[in-house]
Visitor: 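The structure is given below, and queries will be raised subsequently.
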Number of protein chains: 2
Amino acid sequence: MSPHMERNPVAASTLAEVAKLAGVSPATASRVLNGSARTPGAGIAERVRQAAESLGYVANAQAQALAKSSTGLIGLIVHDIADPYFSAIARGVQSAARQERRMVLLATTDGTPAGEKEAAAAFAARRADAIVIAGSRSTRAEDSAANGELAAELERYCRNGGRLGVVGQGIIGLPETEGYRTLPVPNEELARGLAAELAAAHTGPFVIVAGPDGLATSDERVRGFQRGLAEAGREPAEVLHTAFSRNGGFDAGTQLAGRPGDRGGRPCIFAGNDVMAIGIVAALRERGLSVPGEAAVAGFDDIEWLRDFRPELSTVGLPLEEIGRRVTLGALSDLPAEDDAASGITGTVRLRRSTETA
Amino acid sequence: MSPHMERNPVAASTLAEVAKLAGVSPATASRVLNGSARTPGAGIAERVRQAAESLGYVANAQAQALAKSSTGLIGLIVHDIADPYFSAIARGVQSAARQERRMVLLATTDGTPAGEKEAAAAFAARRADAIVIAGSRSTRAEDSAANGELAAELERYCRNGGRLGVVGQGIIGLPETEGYRTLPVPNEELARGLAAELAAAHTGPFVIVAGPDGLATSDERVRGFQRGLAEAGREPAEVLHTAFSRNGGFDAGTQLAGRPGDRGGRPCIFAGNDVMAIGIVAALRERGLSVPGEAAVAGFDDIEWLRDFRPELSTVGLPLEEIGRRVTLGALSDLPAEDDAASGITGTVRLRRSTETA
DNA sequence: AACGACTGGGAATGCGCTTTCCAACTAATC
DNA sequence: GATTAGTTGGAAAGCGCATTCCCAGTCGTT
C-alpha cells in the first residue's frame, strides 16, 4: 500500500467527549442533544449544546440505530433508476421518506426476482425500517424458484418486524403478513378502458406490443386491453412480445413496419408502456410511416418527459409520484391496510394526437 | 396508540444465538459467518453455517458498522432524482457502488446549498464512507452564507475520514482536503466548441437561454458559448435567465416567440441544457414557429430520452453515467487525484437537425 | 523426549449511544 | 415540620458485532 494510504480516521468526536467537556454524564448529554422524553435543565442543556458545537459533534446514527433498534432507513428496489417510470416513483418515495424523517437506500436490480432477493437481503441486513419494491413481478416458470426465495426472504424480514410495501401486484408466494401491504394499480381496468375508447374510433386491426411473457404488469395490461376489445365486439389483438423498453418497442416497430401494408386498414398499436410506444413511433417514422397517419400508437403511464414528444402520445395517466408516496407512507403506517385501500390509485385514459383518426 | 400497534419486533436472531445453537463461541461464529482473516476448521464452520441457516440469521449491518467503523454506505446528493440528468448520473453512481460492494443512500435537495448542507449532515451522521454531490454550485450572493456552512460541514466530514466526490465545480469555500476530489466537467470548453460550430453555419443573431444567474454550471456554459462566439468574430449573444428546467425553457421560448420577427435573420438559440431546449422548442411550436425553420435551437447534455424527440436536438454529449461512476470510484479511491484527472471527462458536440440551416 | 513455533477456539473488551433504574433533592401537602 | 410526590442528574446495563489477547492443544525439530 502506498504511503498516501495514511487515512487518518481522526474519528469524529463522541457523545462521551461532549459530556466530559460539558461536565455532565453521557446520559444527560444524550438527553439534550438527541430527542428524549426527559429534558435536562436549561443551564445544563446550554452547556452541553455549546460543548457539542465546539467539538463539532455529529451523532453516530449507526450507534443510535443499534441502541434503539430503528434505523430510519427505507430501502427502495427498482429495476433501473434512470428509467423515467422508476425515477418518478423514486421521487415520490423520497418525498414521503423525507416527510417521515427517514432516508432512502437505493438498490437497482436487473429486474429478476433473484436480483430483488439480493437487494432485499441487503436491506434486511441493514435493518431498514421498510422496504419498497417498485419493479414488476415475474410469473415466468424459470423465475419461480427465485420468486420463492424472494418471498422467503421478505417473509423473514416482515416476521422480524420489517415493513414492506409493493407497487402493483403482490409478491408471489408471500402470504399476508403483518407489516406487508400492496398498493394495487388498476392496470387491467385502465387498459380495458383505453381499449374501449380506441375500439370506438378505430376500424383497423389492433396490435399489442407487450413486454416479455410473464411480466406481471405487462400481462395485466395486455389482458385488460384484450378484454376491452372483446367487450367492444372486436377480434382479439395480435400480441408481440419484446423487451419492456424503448428498444423493445423499436424492434417491434421495425418488424411491424416491414409487414405488407393494409391488411384490414390502418392498424392501432397498443404498447405496454410509454417508452415502448416511443420506440415504436421512432421505428415507424424511420421506415417512412407516419403516426397517426398510417398507424395509431398508444402507450401507458403518461411519463412526464414525453409531454413535448410529437405526435402527442395517447396513453393512460398514472400518478407515479403519488404511487411512490403512497406505497411508502402505507408501508410505514400502523393503520390496517383496509383504511387506505379504499382510496386506491386511479389512472386516466388520455387520448391524444397519436391515435387520432383522419 | 391503537391496539394493532402491537408491532412485535420478534427481533432477528443474533450472532450469539447462532453461536449457542452451534455450540461455539460468538467469536468463532463471527469468524465463519462474516469474513475474517482467520477461518475456523471445516467441521466447526459447517455447524455454524447450519445453525445460522436454521435460525434465518442475517447479520446486523449496523452493529458491524459500529464495530469496525465502516458502513458501506455512499451518500448521493442530487437536486431531483426524476430529472433525467440526475437519474443518469445516479445510475452510474449506483453501478460503481455495487461494484465496490456498497449501497447508495439518496438525498434530494431543493438545489440550494442549505439543502445540500442538511443532506451532507445526515450522511455524516450515518457515517457514509463517501458522499457524492451531483448538483450545481451556486455563486449567488444570498447563498454565500449557506455555502460557507456547507463547506464547513463537508470539511469536518473529510477531516473525520470521510470521502467526498463532487461533479463539476468544487465546493465553494472548501479548501483542498484529504479525501476530497472534484471531477471536472469541461462545460465551458464544450460550449465554446458548440458556439464555434454554430457560428460557422448561422448568420442570424444568437440568444442564450440560461439558468438563474449564479448557477455555476449554467454560467460556465454561457461563458464558454460567448467566448466561442467572440472567437468567431460574432457579437455577444443576448442572455435570458430563467429556471434551469423544461418549464424555464418554455417560458423563455414563449417570450422569444412573442418578439417581432426578423431582427437580423433567423435566430439561433442556445439553451443551458437539453430539457430547457425542449421547453423552448415546445413553446415555439405552440406559437406556430418551426424549428429549425424559423429558429435554430441547441441544448446541452444529450439526454438519452431525447433521442426520439423531433427535430433531433443539437447538443453537447456528456457521458453522464460514466460521470457518476467516475466520481464515485474516484472518491472511494486511495490513489492521489492526479492519477485520474488526466483522463478527465470529455464531451462531444453533436450537431443535428434542430440547428440545420436551410 | 523436550522444546519451540504454530494453530484453532474462547473470554473479554469496546464501538457510540439509549434507557432503565437509582439516588439525591426540591416542592408540595396536612 | 414531617411525609410524600415529583424532579433531575448519574451509574450502569445493554444493542449486536469485531477483534485483541490468551490458552490449550499440535506438530515438527534436534
Side-chain angles (χ1 to χ4, degrees), chain A residues 9-49 51-52 55-73 124-129 160-161, chain B residues 9-49 51-52 55-73 124-129 160-161:
Chain A
V10 184
S13 45
T14 71
L15 224 211
E17 292 171 22
V18 173
K20 185 149 57 125
L21 206 177
V24 302
S25 77
T28 304
S30 168
R31 291 198 261 254
V32 17
L33 259 18
N34 316 319
S36 161
R38 290 176 46 179
T39 321
I44 298 256
E46 189 48 32
R47 274 227 310 284
V48 173
R49 244 183 288 275
L55 254 50
Y57 171 73
V58 179
N60 185 328
Q62 310 282 338
Q64 294 188 139
L66 186 55
K68 56 184 177 188
S69 58
S70 161
T71 59
L73 254 26
R126 292 220 134 76
R127 300 295 190 269
D129 292 344
N160 290 340
Chain B
V10 182
S13 46
T14 71
L15 226 210
E17 291 171 23
V18 173
K20 185 149 56 124
L21 206 177
V24 302
S25 77
T28 304
S30 168
R31 292 198 260 254
V32 17
L33 259 18
N34 315 317
S36 160
R38 290 176 48 177
T39 321
I44 299 257
E46 190 48 33
R47 275 227 311 285
V48 172
R49 245 181 288 274
L55 256 50
Y57 172 73
V58 179
N60 184 326
Q62 311 282 338
Q64 294 188 143
L66 187 55
K68 56 184 178 190
S69 57
S70 160
T71 59
L73 253 27
R126 291 224 136 75
R127 300 297 190 266
D129 291 345
N160 289 341

Visitor: List for me each residue that meets side chain to side chain donor-acceptor pair (under 3.5 Å) alongside B:Thr71, sequence neighbours excluded, and say none if there are none.
Guide: B:Asp129
Visitor: By nearest heavy atom, map A:Leu66 and B:Ser25 onto DNA chain C; which one lands nearer the 5' end?
Guide: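 Upstream on the strand: B:Ser25.
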Visitor: Using the side chain to side chain donor-acceptor pair (under 3.5 Å) criterion, which residues pair with A:Ser25? Sequence neighbours excluded.
Guide: A:Thr28
Visitor: Tell me the interatomic distance from B:Asn160, atom CG, to C:dG16, atom P, rounded to whole angstroms.
Guide: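 Checked: the CG to P distance equals 11 Å.
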Visitor: To the nearest Å, give me how far apart CG (A:Leu55) and P (C:dG16) are.
Guide: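 Rounded to the whole Å, the gap is 13 Å.
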Visitor: Can you sort out the partners of B:Arg47 under side-chain contact (heavy atoms from CB on, under 4.5 Å), two or more places apart, ordered by chain and number?
Guide: B:Val24, B:Ile44
Visitor: Report the C-alpha distance between B:Val58 and A:Arg127 in whole Å, list the side-chain angles of each, state the deciding distance to 0.1 Å, and finish with yes or no for side-chain contact (heavy atoms from CB on, under 4.5 Å).
Guide: CA-CA 9 Å; B:Val58 179; A:Arg127 300 295 190 269; 3.9 Å; yes
Visitor: For a quick test of reading the model, state the closest non-hydrogen atom pair linking A:Val32 to A:Ala45 and the distance between them.
Guide: CG2-O, 3.9 Å
Visitor: Find the bend of the helix from C:dA1-D:dT30 to C:dC30-D:dG1 as the angle between its two terminal axes (five pairs each), to the nearest 10°.
Guide: 40°
Visitor: Report the residues that fulfil side chain to side chain donor-acceptor pair (under 3.5 Å) with A:Gln62, sequence neighbours left out, ordered by chain and then residue number.
Guide: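 Partners of A:Gln62 under the side chain to side chain donor-acceptor pair (under 3.5 Å) test: none.
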Visitor: Please report the shortest heavy-atom distance between A:Leu73 and B:Arg126, naming the atom on each side.
Guide: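 Of all heavy-atom pairs spanning A:Leu73 and B:Arg126, the closest is CD1-NE, 3.4 Å.
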Visitor: According to side-chain contact (heavy atoms from CB on, under 4.5 Å), who are the partners of A:Leu33, at least two apart in sequence or on a separate chain?
Guide: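 With sequence neighbours excluded, A:Leu33 shows a side-chain contact (heavy atoms from CB on, under 4.5 Å) to A:Leu15, A:Val18, A:Val48, A:Arg49, A:Ala52, A:Tyr57, given in chain and number order.
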Visitor: Give me the distances for all protein-to-nucleotides 17-26 of chain D N/O pairs that come in under 3.5 Å?
Guide:
| residue | atom | partner | partner atom | Å |
| --- | --- | --- | --- | --- |
| D:dC17 | OP1 | B:Tyr57 | OH | 2.6 |
| D:dC17 | OP1 | B:Asn60 | N | 3.2 |
| D:dC17 | OP2 | B:Leu15 | N | 2.3 |
| D:dA18 | OP1 | B:Asn34 | ND2 | 3.0 |
| D:dA18 | OP1 | B:Gln64 | OE1 | 2.8 |
| D:dA18 | OP2 | B:Ser30 | OG | 2.5 |
| D:dA18 | OP2 | B:Asn34 | ND2 | 2.9 |

Visitor: What's the CD1-C1' distance between A:Ile44 and D:dT7, to the nearest Å?
Guide: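 My rounded result for the distance is 13 Å.
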